[in-house]
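Single-structure report; data block below.
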Amino acid sequence: MATYSLANERLRALEDIEREIGAILQNAGTVILELSKEKTNERLLDRQAAAFTASVQHVEAELSAQIRYLTQVGVSGRCCERQNLSLSS
């Protein structure tokens with residue numbers, strides 16, 4: 001049962017990352033739209049650029065954590081597999 005809970009937690013984390021990537025794209029679109037205007041709103045650009053940077057850093061950190069987890073699971077899975085093979089020999 002705990003395995004399903006952990007898997008669901010991991011899937012929710014990936015869904016959160018996906019939503020944040022959508023927000024990143026939206027921020028980038030807002031900045032591009034604002035830059036295309038003759039007179040830009042500097043405060044809006046600054047806020048959107050800061051939100052963009054913070055979101056990218058958060059997504060990077062979360063994806064790195066997911067990759068570390070998958071690496072650990074993969075390595076421990078291979079160790080268990082080798083152990084089972086040696087025990088069966």
Side-chain angles (χ1 to χ4, degrees):
M1 190 80 161
T3 304
Y4 291 121
S5 176
L6 180 61
N8 286 336
E9 184 180 324
R10 291 286 170 185
L11 286 174
R12 272 193 295 277
L14 289 172
E15 288 170 354
D16 291 343
I17 292 168
E18 185 178 13
R19 275 191 291 278
E20 190 142 10
I21 289 171
I24 288 169
L25 294 173
Q26 197 169 21
N27 286 337
T30 301
V31 168
I32 290 169
L33 183 65
E34 189 62 31
L35 287 172
S36 70
K37 296 178 181 176
E38 246 180 74
K39 185 169 166 53
T40 60
N41 181 340
E42 293 295 323
R43 268 191 260 152
L44 175 65
L45 286 173
D46 288 342
R47 278 196 314 270
Q48 293 296 322
F52 177 87
T53 302
S55 291
V56 168
Q57 289 172 343
H58 182 254
V59 165
E60 182 180 16
E62 290 298 316
L63 285 175
S64 293
Q66 291 287 333
I67 290 168
R68 275 192 306 278
Y69 170 76
L70 291 172
T71 302
Q72 290 170 352
V73 169
V75 168
S76 65
R78 276 188 251 128
C79 289
C80 290
E81 186 178 293
R82 277 192 223 126
Q83 214 172 22
N84 288 339
L85 285 175
S86 67
L87 290 176
S88 66
S89 300

Atom CD of residue position Gln66 - does it have more than 12 heavy atoms of other residues, nucleotides or ligands inside 6.0 Å?
yes
Shortest non-hydrogen pair, Asn27 vs Phe52, comes out as ND2-N, 3.7 Å
Using every non-hydrogen atom in the two residues, find where Ala49 and Val31 come nearest and quote the distance to one decimal.
N-CG2, 4.3 Å
From Ile32 atom CD1 to Leu45 atom CG, the distance as rounded to the nearest 0.5 Å:
11.0 Å
How many angstroms lie between CD1 in Ile21 and NE2 in His58, if you round to the nearest 0.5 Å?
11.5 Å
Salt bridge (charged side-chain N to carboxylate O under 4.0 Å, His left out): which pairs involve residues 28-39, sequence neighbours left out?
Glu34-Lys37
Looking at CG of Leu11 and CG of Asp16, how far apart are the two atoms once the value is rounded to the nearest 0.5 Å?
11.0 Å
Which distance, rounded to the nearest 0.5 Å, do you find between the CD of Gln26 and the CD of Gln48?
8.5 Å
same_hphob_cluster(Leu25, Leu33) at 4.5 Å side-chain heavy-atom cutoff
no
Can you measure from CG (Asn41) to CG (Leu35) and round to the nearest 0.5 angstrom?
11.0 Å
Step-by-step side-chain contact (heavy atoms from CB on, under 4.5 Å) determination, Arg12 to Asn8:
CA-CA 6 Å; Arg12 272 193 295 277; Asn8 286 336; 3.9 Å; yes
Are Ile24 and Leu63 connected in a single hydrophobic cluster, I mean Ile/Leu/Val/Met/Phe/Trp/Tyr linked by side-chain heavy atoms less than 4.5 Å apart?
yes
Give, for atom CG of Leu14 and atom CZ of Arg19, the distance between the pair rounded to the nearest 0.5 Å.
11.0 Å
Flag the pair Arg43 and Asp46 as a salt bridge only when some basic side-chain nitrogen lies within less than 4.0 angstrom of an acidic carboxylate oxygen.
no
